[in-house]
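Working notes, beginning with the structure itself.
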There are 2 protein chains.
Amino acid sequence: MLNQSARLDLAFQALADPTRRGMLARLSQGPASVSELARPLPISLPAVLQHLQALEASGLVSSEKKGRIRTCRIVPEALGLAETWISEQRALWAARLDRFDEHVMRLKQEGKDNG
Amino acid sequence: MLNQSARLDLAFQALADPTRRGMLARLSQGPASVSELARPLPISLPAVLQHLQALEASGLVSSEKKGRIRTCRIVPEALGLAETWISEQRALWAARLDRFDEHVMRLKQEGKDNG
DNA sequence: GCGATACTTAACCCTGTGCTTAACCAATCC
DNA sequence: GGATTGGTTAAGCACAGGGTTAAGTATCGC
């Protein structure tokens with residue numbers, strides 16, 4: 001079992017590559033086989049496999065093999081983890097900014113009082 | 001000037017490390033000096049510097065030096081880019097899921113018609 | 001000025017990532 | 001059943017990432 005932080009590592013790392021984001025974008029329009037994913041890409045099939053493994057390790061994508069073709073699909077919940085982390089950080093930051101605004105206003109007020 | 005994809009690369013890559021996420025979390029509560037960022041971390045100061053450089057390269061953090069201390073702060077807009085990309089993907093996926101639901105319903109309907 | 005403080009740079013090490021080619025296995029197709 | 005298609009594994013290579021120590025530079029406080 002992976003802890004939260006390790007899962008975020010894998011998710012963000014998976015997202016940090018344009019090839020993998022491209023594969024993800026393709027998959028967000030529907031399932032695809034490995035060769036379908038590879039077709040638009042300028043790299044070899046084994047390279048695509050490795051990217052796919054990174055995506056699966058991160059939980060962003062799942063796949064299953066039937067006959068000789070492997071079908072890949074997006075796992076939507078996984079993106080939620082990353083999105084949640086980001087929006088939490090933004091919330092924290094926003095809360096601090098609010099306090100800072102108050103602080104600035106107080107400073108301005110003092111400026112008026114003294115000038 | 002960096003294009004969108006390169007900026008996403010840097011942003012997600014910066015987020016893909018627990019040390020950097022920790023620094024970011026610290027900074028979301030307010031500006032800090034380099035040594036303040038380093039204090040809770042089990043690594044050397046140069047290592048912290050390098051993480052800081054990664055964060056600055058991604059645009060997530062900015063810093064300025066005054067006297068001998070460098071003060072680092074979050075750049076809130078930068079997180080928006082990453083968040084936007086994720087939510088766009090989710091929107092695409094959701095749209096496809098809707099179409100899939102329709103499809104399933106149509107299939108069910110046909111099942112009823114034939115059975 | 002002198003020592004302590006706060007970074008910064010440089011040089012290096014080890015591991016991980018992204019890619020390749022070559023060879024291999026397993027389902028289809030004719 | 002032999003060729004083709006779809007995927008997989010293995011081996012190897014180049015380079016980037018994350019860490020170290022050691023040595024430098026620029027304030028600050030006395």
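Any value given below was found using the heavy atoms of this structure, including those in side chains, with hydrogens, waters and symmetry copies removed.
A heavy-atom distance below 4.0 Å to DNA chain D is reached by these residues of residues 45-52 of chain B, ordered by number: B:Pro46, B:Ala47, B:Gln50, B:His51. For the contact set between residues 9-19 of chain A and DNA chain D, defined by any heavy atom under 4.0 Å, there are no members.
With sequence neighbours left out, the side-chain contact (heavy atoms from CB on, under 4.5 Å) criterion links A:Ala6 to A:Leu2, A:Asn3. Applying the salt bridge (charged side-chain N to carboxylate O under 4.0 Å, His left out) rule to A:Arg21 yields the partners B:Asp9; only residues at least two apart in sequence or on another chain are considered. Contacts of B:Arg20 classified as salt bridge (charged side-chain N to carboxylate O under 4.0 Å, His left out), with partners at least two apart in sequence or in another chain: none. Here A:Glu64 pairs with A:Arg73 under the salt bridge (charged side-chain N to carboxylate O under 4.0 Å, His left out) rule; sequence neighbours left out. Judged as a salt bridge (charged side-chain N to carboxylate O under 4.0 Å, His left out), and not counting sequence neighbours, the contacts of B:Arg90 are A:Glu83. Contacts of A:Ser63 classified as side-chain contact (heavy atoms from CB on, under 4.5 Å), with partners at least two apart in sequence or in another chain: A:Glu56, A:Arg70, A:Cys72. Annotation: side-chain contact (heavy atoms from CB on, under 4.5 Å) contacts of B:Pro46 (sequence neighbours excluded): B:Ser44. Here A:Thr71 pairs with nothing under the side-chain hydrogen bond (donor to acceptor under 3.5 Å, both in side chains) rule; sequence neighbours left out.
Phosphate proximity of D:dT20 to B:Ser44: present, with a side-chain N or O under 4.0 Å from OP1 or OP2.
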N/O contacts under 3.5 Å, protein versus nucleotides 27-30 of chain D?
| unit_1 | atom_1 | unit_2 | atom_2 | d |
| --- | --- | --- | --- | --- |
| D:dT27 | O2 | B:Arg68 | NH1 | 3.3 |
| D:dC28 | O4' | B:Arg68 | NE | 3.4 |
| D:dC28 | O4' | B:Arg68 | NH2 | 3.4 |

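Listed by first then second residue, pairs satisfying salt bridge (charged side-chain N to carboxylate O under 4.0 Å, His left out) with a partner in residues 27-49 of chain A read A:Arg26-A:Glu36, not counting sequence neighbours.
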